Each structure stands twice: as C-alpha cells, then as structure tokens.
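Notes for the one structure printed next.
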Amino acid sequence: MAAIPRVVKDDLRYDAVPWARFDHAYGSAQDVPALLETVRLGDARASEGALATLWNRLAHQGGTSTAGALAVPFLLRIAFAHPRHRASLVRLTASVAHRMPWGDGTRGGLLRVGLPADRPRYEQDGSLANRSIEAARSAVAADAALLLHLLDDPDPEIRHAVAQAAAVVPPPAPVVAAVLHGRLAVEEDPAVRASLVLALGQLAWEAGDPATTALLHAWWRDEARPPEVRVGAALAWLCLTDDPIPADLDAFLDTAVTDDLVELLAAVPWLDAVEDLDERNGLLVCLHQMRHPEDFAWLAD
C-alpha cells in the first residue's frame, strides 16, 4: 500500500497495481480493475451489478481481503467523483478496513476495529485478516482528507458511511477527530449525530484517549443534549470504561430508549451491524449485550 504512488491513485491507473498477485474470496483479484471501472463509467444497471460483485468479492460475508485493501484508494476516488454509488462505495471502504463484526455489540466489541496481534485469523482467500485490515486502515488514513470532504454531502446516508469509514483511521488521528467534532456541531440529522458520536468514541477506543472518555461521560449526563447524542455517548462511554454500568445511566437508558429512538437509530452503521435478522432493533440488541455480557461470552472468542 505504501508503495503505490499518489499519481497512480489519482489517475486511477489500475494497471500499475499487481492485482494478479493477490486474491479475494473468489480467487485472483485480476478482475477487480474492470469491476471498478464499470462502477465508475457503466450505466445504472451495469454499475450496480459491478458494485454488488465487488462487495461479494472484497468483503464476502463481512470479511476482508488483500484485494480489498488494494482497492481502497480507488473506491474512495470513484466515490468522490461519482455520487451515484457514493454511500455504498464508502461503506465498502469501511467494511474492508474493519474486522468481521459477527453481531458483536458488547462493550469490548462494538468499537473494536482490528484483530488482536496474538490471535490471527484468516479470510476465505487464505490471507491473514489482521494484516489486510491494517493495510486497508492505512490506505484510508492516507486519503482521509478526501473522505472527510464528503461529510458535507447532502445525503445523510453518505454522512453515516463517512463517519463509519473515518473511524477506522488508526491512531493518532487528531485531524479526523477535529473534523468529526466540527461536523457534529452543525449536523441536523439526529441519526447522523449518533453516528458521529460513535465514530469519535471509536477513535478514542483505538487511541486509549481519556479526554474523549471524559467528554462522552459528560455528554450522556447532559440533559440539554438531544437523546440520540446522549444515547450514542452512553454506548461509546461504556465501551471506553470497565466500570459497572451506573444506576443513573441504567435509569436514563430505560427512559430514553423508546421505540421511536430504536427505529431512528437503525440507520447508524454500528447498530445496523448488530441487529437481529430482518429487524431494525440494533440499539436494543446492543444494550442487551452490554447489560448481560455473561450471555454473550462466545462473542469474545
């Protein structure tokens, strides 16, 4: 990833990348350039089909691949220039730079991006998932400015995706955090506000940042803040501390988490990843896992 010159990425010179040396879930990655170009230039039907194929090959069943990491610079540039599939391209970028979530909304899992170095995992293509994820994260970090520019997109679905992708940037990431804070201050969509809060929490989780931990604690206790921000801050804070869940936080969640809020926050990528099949109940699942970790010990395996 570090050896790919900027001009290769900016000019979409796919041929400068040795795709045939790498694999995805269905074999050689030499078909990736044609798929990327079809997404970029194809008509609606062809580009949708190529994008679906890219998802299946690069992030098969929530996994990642070496080819997925190599595709990140091109996915971001196509997303930047072509709004038709922008949200899906950015989500794919986030997916290949993130461990398979396995429905993990626990305090130790909701904000975890990578895999422990002492617990290697392998993808279907035989690649070491730990290494592929780190390579993809580094690729996102190299193009963070390009990604963060999309936070001003008028489509809230895209802003959700950008928050999710920005949060995979490895520490230290002070510029990314500053931009997310700035966006939160002007964001009008409630669900996107929750995504921005969780993105800030994820960056803090990765960096072991006590200042953000304290800030999130203050946010969930602040009655002047909207419920989606307070609940998002509560979830993030619980991931950043090992303390038992305070009684006042439990009481607040019992009051604040209404059916309407559960439905509203179903669009938040972190919660969408843990919801039950065909349900929009990610927030409820997440809270159940955090409150009763003894029932979900298998998620730590």
Side-chain angles (χ1 to χ4, degrees), residues 1-42 46-80 82 85 87-104 112-143 146-147 161 164-165 168-170 269 273 301:
M1 292 305 307
I4 300 177
R6 188 171 187 87
V7 66
V8 168
K9 298 187 287 186
D10 288 346
D11 293 349
L12 301 180
R13 289 170 50 187
Y14 313 119
D15 60 329
V17 179
W19 299 97
R21 290 174 49 192
F22 300 91
D23 293 315
H24 49 53
Y26 287 83
S28 172
Q30 59 189 343
D31 59 348
V32 171
L35 291 167
L36 289 168
E37 191 65 0
T38 300
V39 172
R40 185 175 79 94
L41 293 180
S47 61
E48 287 174 6
L51 182 55
T53 301
L54 278 173
W55 266 97
N56 198 28
R57 279 160 167 63
L58 302 182
H60 186 69
Q61 295 182 344
T64 186
S65 61
T66 52
L70 289 169
V72 164
F74 305 111
L75 293 171
L76 288 176
R77 281 161 176 77
I78 295 170
F80 186 82
H82 298 275
H85 300 301
S88 186
L89 288 165
V90 176
R91 286 199 308 271
L92 178 54
T93 297
S95 184
V96 299
H98 195 288
R99 72 186 183 105
M100 186 181 294
W102 295 111
D104 189 352
R112 181 184 293 276
V113 181
L115 295 164
D118 60 347
R119 297 178 66 182
R121 290 187 182 177
Y122 295 87
E123 298 296 348
Q124 291 179 332
D125 66 355
S127 63
L128 185 63
N130 307 53
R131 186 171 297 172
S132 298
I133 291 169
E134 291 308 308
R137 294 180 70 187
S138 296
V140 175
D143 287 319
L146 190 70
L147 174 67
Q164 181 189 21
V168 307
V169 172
D301 295 336

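Everything numeric in this text was worked out from a predicted model, so none of it was measured.
- Separating the CZ atom in Arg77 from the CZ atom in Arg40 is a distance of 13.0 Å, to the nearest 0.5 Å.
- A salt bridge does not link Glu134 to Arg131: none of the charged nitrogens lies less than 4.0 Å from a carboxylate oxygen.
- Atom CG in Leu36 sits 9.5 Å away from atom CG in Leu51 (nearest 0.5 Å).
- Considering all non-hydrogen atoms of both residues, Pro5 and Ala3 come closest at CD-O, 3.1 Å.
- Tyr14 and Glu37 get closest at one heavy-atom pair: OH-OE1, 2.9 Å.
- Within the model, atoms CG of Leu76 and CG of Leu147 stand 6.0 Å from one another, a figure rounded to the nearest 0.5 Å.
- Checked by atom type, the side-chain pair Ser88/Trp55 shows a donor-acceptor distance below 3.5 Å.
- With rounding to the nearest 0.5 Å, the separation of CZ in Phe74 from CZ in Arg13 is 9.5 Å.
- In this structure, Tyr26 and His60 have perpendicular ring planes: the angle between them is above 60°, well past the 30° mark.
- For the atom pair NE2 of His98 and CD of Gln164, the computed distance is 7.5 Å after rounding to the nearest 0.5 Å.
- Scanning both residues, Pro101 and Gly62, for their nearest heavy atoms gives CD-O, 4.5 Å.
- Judged purely by atom type and a 3.5 angstrom limit, Arg137 uses its side chain to pair as donor or acceptor with the backbone of Val168.
- Atom CG of residue Asp104 and atom CZ of residue Arg112 lie 8.5 Å apart, to the nearest 0.5 angstrom.
- For the pair Leu115 and Arg119, the minimum side-chain heavy-atom distance is 4.5 Å or more.
- With Leu54 as reference, Val32 is the one residue of Val32, Val96, Thr38 to meet the side chain to side chain contact (heavy atoms under 4.5 Å, CB included) rule.
- In terms of heavy atoms, Ala20 sits closest to Ser28 at CA-OG, 3.9 Å.
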Worksheet item: Would Asp143 and Arg6 satisfy side chain to side chain contact (heavy atoms under 4.5 Å, CB included), going step by step from the backbone distance to the final call?
Response: CA-CA 10 Å; Asp143 287 319; Arg6 188 171 187 87; 3.9 Å; yes
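- Between His24 and the options Asp31, Thr66, Leu70, a side chain to side chain contact (heavy atoms under 4.5 Å, CB included) holds for only Asp31.
- Here the side chains of Lys9 and Val72 are not in contact, with every heavy-atom distance at 4.5 Å or above.
- Listed by chain and residue number, nothing satisfies the side-chain hydrogen bond (donor to acceptor under 3.5 Å, both in side chains) test with Asp11 (two or more places apart in sequence, or in another chain).
- Side-chain atoms of Asn130 do not come within 3.5 Å of backbone N or O of Gly114 as any donor-acceptor pair.
- Pairing each heavy atom of Ser65 with each of Leu58, the nearest pair is OG-O, 3.2 Å.
- Between Val140 and Ala165, the shortest heavy-atom distance links the atoms CG1-O, 3.8 Å.
- No side-chain donor-acceptor contact under 3.5 Å links Asp23 to the backbone of Ala67.
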